[in-house]
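For reference, the structure is listed below as C-alpha coordinates.
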Amino acid sequence: MSAGASWFARGCLAVAHDLIGCELLVDGVGGTVVECEAYARDEPASHAFPGPTQRNASMFGPAGRLYVYRSYGIHWMLNIVCGEQEGAGEAVLIRALQPTTGLELMRARRGRDAELELCRGPGRLGQALAIGPGLDGEPVGAGRVAFDPGRPSGPVEQSTRIGITRARELPWRFSLAGSPYVSPTRRSRSA
DNA sequence: GGTATGATTGACT
DNA sequence: GTCAATCATACCA
(Lines give C-alpha, C1' and ligand atoms only; values in the text may rest on other atoms or scores of the structure.)
Protein backbone atom coordinates (compact mmCIF):
# COMPACT_ATOMS: atom_id res chain seq x y z
CA MET A 1 0.00 0.00 0.00
CA SER A 2 1.16 3.44 0.73
CA ALA A 3 4.76 3.99 1.63
CA GLY A 4 5.65 6.11 4.61
CA ALA A 5 7.66 9.29 4.50
CA SER A 6 10.79 7.20 4.92
CA TRP A 7 10.57 6.14 1.29
CA PHE A 8 11.35 9.74 0.36
CA ALA A 9 13.95 10.29 3.07
CA ARG A 10 16.81 9.65 0.66
CA GLY A 11 18.83 11.66 -1.80
CA CYS A 12 16.73 13.27 -4.49
CA LEU A 13 18.56 11.43 -7.26
CA ALA A 14 17.78 8.03 -5.78
CA VAL A 15 14.18 9.02 -5.16
CA ALA A 16 13.76 10.40 -8.66
CA HIS A 17 15.15 7.23 -10.19
CA ASP A 18 12.97 4.95 -8.09
CA LEU A 19 9.89 7.09 -8.65
CA ILE A 20 9.63 5.90 -12.25
CA GLY A 21 7.01 3.15 -12.28
CA CYS A 22 5.40 4.18 -9.01
CA GLU A 23 1.74 5.07 -8.78
CA LEU A 24 0.63 8.49 -7.62
CA LEU A 25 -2.98 9.58 -7.02
CA VAL A 26 -4.29 12.95 -5.93
CA ASP A 27 -7.86 12.81 -4.65
CA GLY A 28 -8.18 9.46 -6.37
CA VAL A 29 -6.98 10.70 -9.74
CA GLY A 30 -3.58 9.94 -11.21
CA GLY A 31 -1.41 7.23 -12.68
CA THR A 32 2.06 5.82 -13.06
CA VAL A 33 5.07 8.13 -12.94
CA VAL A 34 6.96 8.00 -16.23
CA GLU A 35 9.03 11.16 -16.02
CA CYS A 36 10.51 13.29 -13.23
CA GLU A 37 13.45 15.50 -12.38
CA ALA A 38 15.63 15.85 -9.27
CA TYR A 39 16.39 19.20 -7.68
CA ALA A 40 19.00 19.49 -4.96
CA ARG A 41 19.87 22.28 -2.54
CA ASP A 42 23.19 23.43 -3.92
CA GLU A 43 22.60 23.74 -7.63
CA PRO A 44 21.39 26.99 -9.23
CA ALA A 45 18.42 25.50 -11.08
CA SER A 46 16.75 24.53 -7.82
CA HIS A 47 14.26 26.71 -6.00
CA ALA A 48 16.08 25.80 -2.83
CA PHE A 49 19.32 27.32 -4.08
CA PRO A 50 18.70 30.87 -2.81
CA GLY A 51 17.77 29.47 0.61
CA PRO A 52 14.45 29.17 2.41
CA THR A 53 11.74 31.65 1.43
CA GLN A 54 8.01 31.78 1.86
CA ARG A 55 7.40 30.14 -1.49
CA ASN A 56 9.78 27.22 -1.13
CA ALA A 57 9.14 26.66 2.56
CA SER A 58 7.76 23.19 1.88
CA MET A 59 11.00 22.18 0.22
CA PHE A 60 12.76 22.61 3.52
CA GLY A 61 10.14 20.71 5.44
CA PRO A 62 9.97 16.97 6.13
CA ALA A 63 10.41 14.50 3.27
CA GLY A 64 7.38 12.82 1.75
CA ARG A 65 5.31 15.97 1.40
CA LEU A 66 4.20 17.93 -1.60
CA TYR A 67 5.78 21.14 -2.77
CA VAL A 68 3.38 23.00 -5.04
CA TYR A 69 4.06 26.29 -6.75
CA ARG A 70 2.88 28.31 -9.73
CA SER A 71 5.09 28.74 -12.75
CA TYR A 72 4.80 31.42 -15.41
CA GLY A 73 1.74 32.67 -13.58
CA ILE A 74 -0.38 29.95 -15.16
CA HIS A 75 0.79 26.46 -14.36
CA TRP A 76 0.91 24.54 -11.12
CA MET A 77 3.93 22.31 -10.60
CA LEU A 78 3.82 19.18 -8.50
CA ASN A 79 6.89 18.22 -6.50
CA ILE A 80 7.62 15.75 -3.74
CA VAL A 81 10.03 16.77 -1.03
CA CYS A 82 12.86 14.36 -0.29
CA GLY A 83 16.32 14.30 1.27
CA GLU A 84 18.12 12.19 3.83
CA GLN A 85 17.28 14.56 6.62
CA GLU A 86 14.62 17.20 7.20
CA GLY A 87 15.54 20.57 5.84
CA ALA A 88 17.79 19.15 3.13
CA GLY A 89 15.99 21.29 0.58
CA GLU A 90 15.67 18.58 -2.04
CA ALA A 91 12.69 17.71 -4.19
CA VAL A 92 11.58 15.79 -7.25
CA LEU A 93 9.44 17.43 -9.92
CA ILE A 94 6.79 15.14 -11.36
CA ARG A 95 6.79 15.88 -15.08
CA ALA A 96 4.56 13.21 -16.58
CA LEU A 97 2.23 10.38 -15.65
CA GLN A 98 0.67 7.51 -17.52
CA PRO A 99 -2.98 8.03 -16.54
CA THR A 100 -4.56 4.97 -14.94
CA THR A 101 -7.25 6.26 -12.61
CA GLY A 102 -9.87 8.95 -12.97
CA LEU A 103 -9.49 9.33 -16.73
CA GLU A 104 -12.93 10.88 -17.12
CA LEU A 105 -12.26 13.49 -14.46
CA MET A 106 -8.95 14.40 -16.06
CA ARG A 107 -10.55 14.75 -19.45
CA ALA A 108 -13.26 16.95 -17.98
CA ARG A 109 -10.67 19.17 -16.32
CA ARG A 110 -8.48 19.50 -19.36
CA GLY A 111 -11.05 19.58 -22.11
CA ARG A 112 -11.09 16.71 -24.52
CA ASP A 113 -7.45 15.70 -24.72
CA ALA A 114 -6.41 12.27 -25.83
CA GLU A 115 -5.27 10.01 -23.03
CA LEU A 116 -1.72 10.49 -24.21
CA GLU A 117 -1.78 14.22 -23.58
CA LEU A 118 -3.64 14.32 -20.28
CA CYS A 119 -0.54 14.26 -18.07
CA ARG A 120 2.29 14.73 -20.52
CA GLY A 121 4.20 17.70 -19.14
CA PRO A 122 4.21 19.28 -15.68
CA GLY A 123 1.71 22.01 -16.48
CA ARG A 124 -0.79 19.64 -18.02
CA LEU A 125 -0.32 17.18 -15.21
CA GLY A 126 -1.09 19.88 -12.68
CA GLN A 127 -4.28 20.74 -14.52
CA ALA A 128 -5.43 17.15 -14.93
CA LEU A 129 -4.91 16.41 -11.23
CA ALA A 130 -6.35 19.77 -10.13
CA ILE A 131 -3.14 20.72 -8.38
CA GLY A 132 -3.48 23.92 -6.42
CA PRO A 133 -2.05 25.84 -3.48
CA GLY A 134 -4.19 23.82 -1.13
CA LEU A 135 -2.02 20.79 -1.76
CA ASP A 136 1.23 22.46 -0.79
CA GLY A 137 2.69 20.64 2.21
CA GLU A 138 0.22 17.76 1.92
CA PRO A 139 1.71 14.45 3.11
CA VAL A 140 2.23 11.78 0.46
CA GLY A 141 0.86 8.31 1.16
CA ALA A 142 -1.86 9.61 3.45
CA GLY A 143 -4.96 11.72 3.10
CA ARG A 144 -5.52 13.15 -0.34
CA VAL A 145 -2.32 11.84 -1.89
CA ALA A 146 -1.95 8.10 -2.43
CA PHE A 147 1.38 6.59 -3.33
CA ASP A 148 2.36 3.05 -4.23
CA PRO A 149 5.96 2.07 -4.90
CA GLY A 150 6.35 0.12 -8.09
CA ARG A 151 8.84 -1.01 -10.63
CA PRO A 152 9.24 0.52 -14.09
CA SER A 153 7.85 -1.55 -16.94
CA GLY A 154 11.02 -0.90 -18.92
CA PRO A 155 14.50 0.57 -18.69
CA VAL A 156 14.83 3.95 -16.97
CA GLU A 157 16.46 6.59 -19.10
CA GLN A 158 18.56 9.38 -17.65
CA SER A 159 18.99 12.69 -19.43
CA THR A 160 19.32 16.43 -18.91
CA ARG A 161 16.53 18.46 -17.39
CA ILE A 162 14.07 20.49 -19.42
CA GLY A 163 12.95 24.08 -19.37
CA ILE A 164 15.64 25.45 -17.12
CA THR A 165 18.35 27.97 -17.88
CA ARG A 166 20.89 27.15 -15.18
CA ALA A 167 22.75 23.93 -14.52
CA ARG A 168 21.29 22.49 -17.69
CA GLU A 169 24.10 20.00 -18.00
CA LEU A 170 23.18 17.94 -14.95
CA PRO A 171 21.58 14.68 -16.17
CA TRP A 172 18.98 14.65 -13.43
CA ARG A 173 15.92 13.88 -15.52
CA PHE A 174 14.59 10.33 -15.32
CA SER A 175 12.05 8.82 -17.67
CA LEU A 176 10.65 5.50 -18.75
CA ALA A 177 12.44 4.70 -21.98
CA GLY A 178 10.17 4.56 -24.99
CA SER A 179 7.02 5.61 -23.15
CA PRO A 180 4.70 7.75 -25.29
CA TYR A 181 3.50 9.44 -22.11
CA VAL A 182 6.84 11.14 -21.55
CA SER A 183 6.82 14.80 -22.52
CA PRO A 184 8.61 15.59 -25.77
CA THR A 185 12.07 17.05 -25.41
CA ARG A 186 11.85 20.65 -26.46
CA ARG A 187 14.98 21.89 -28.09
CA SER A 188 14.14 25.58 -28.46
CA ARG A 189 16.48 26.46 -25.62
CA SER A 190 19.35 24.40 -26.83
CA ALA A 191 22.73 26.00 -26.93
C1' DG B 1 8.33 51.23 -5.28
C1' DG B 2 9.59 49.31 -10.00
C1' DT B 3 11.32 45.86 -13.06
C1' DA B 4 13.07 41.26 -14.69
C1' DT B 5 12.35 36.34 -14.66
C1' DG B 6 10.55 31.62 -14.62
C1' DA B 7 11.18 23.64 -13.23
C1' DT B 8 5.36 25.95 -19.41
C1' DT B 9 1.98 25.59 -22.80
C1' DG B 10 -0.64 26.70 -26.75
C1' DA B 11 -1.50 29.42 -30.69
C1' DC B 12 0.04 31.64 -34.69
C1' DT B 13 3.26 32.76 -39.01
C1' DG C 1 10.12 28.68 -35.63
C1' DT C 2 8.45 32.56 -32.93
C1' DC C 3 5.70 34.76 -29.46
C1' DA C 4 2.10 35.90 -26.11
C1' DA C 5 -0.37 34.64 -21.66
C1' DT C 6 0.03 35.92 -16.72
C1' DC C 7 1.59 36.67 -11.75
C1' DA C 8 4.22 35.66 -7.55
C1' DT C 9 8.83 36.05 -6.21
C1' DA C 10 13.44 38.06 -6.44
C1' DC C 11 16.39 41.68 -6.83
C1' DC C 12 17.73 46.55 -7.41
C1' DA C 13 17.12 51.44 -6.34
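Predicted, not measured: the structure shown is a model, and the values here were computed from it. Residue numbers start from 1 in every chain, and the chains themselves are labelled A, B, ... in the order their sequence lines are given, proteins ahead of strands.
Here C:dA8 is the nucleotide among C:dA5, B:dA7, C:dA8 with the atom lying nearest to any side-chain atom of A:Arg70.
Stacking between A:Tyr72 and the base of B:dG6 is present: ring centres sit under 5.5 Å apart and the planes differ by under 30 degrees.
Using a 4.0 Å heavy-atom criterion, one finds that A:Gly123 contacts the sugar-phosphate atoms exclusively. If you check every strand for non-hydrogen atoms under 4.0 Å, A:Thr53 touches sugar and phosphate atoms only. If you check every strand for non-hydrogen atoms under 4.0 Å, A:Arg161 touches nothing.
Using N1 to N3 plus N6-O4 or O6-N4 for Watson-Crick, or N1-O2 and O6-N3 for G-U wobble, each under 3.5 Å, C:dT2 pairs with B:dA11.
B:dA4 and C:dA4 have their P atoms separated by 15 Å, given to the nearest Å.
Using a 4.5 Å heavy-atom threshold, the side chains of A:Tyr181 and A:Leu116 count as touching. Residues A:Ile94 and A:Asn79 fail the side-chain proximity criterion, which asks for heavy atoms closer than 4.5 Å.
Applying the 3.5 Å distance criterion, the base of B:dA7 shares a donor-acceptor pair with the side chain of A:Tyr69.
Residues A:Leu125 and A:Val145 share a hydrophobic cluster, clusters being chains of Ile/Leu/Val/Met/Phe/Trp/Tyr side chains in contact below 4.5 Å.
Summarising the geometry, the separation between CG on A:Asp113 and C1' on B:dT9 is reported as 11 Å, rounded to the nearest angstrom.
A:Arg55 forms no cation-pi arrangement with A:Tyr67, by the criterion of a distance under 6.0 Å to the ring centre and an angle within 45° of the ring axis.
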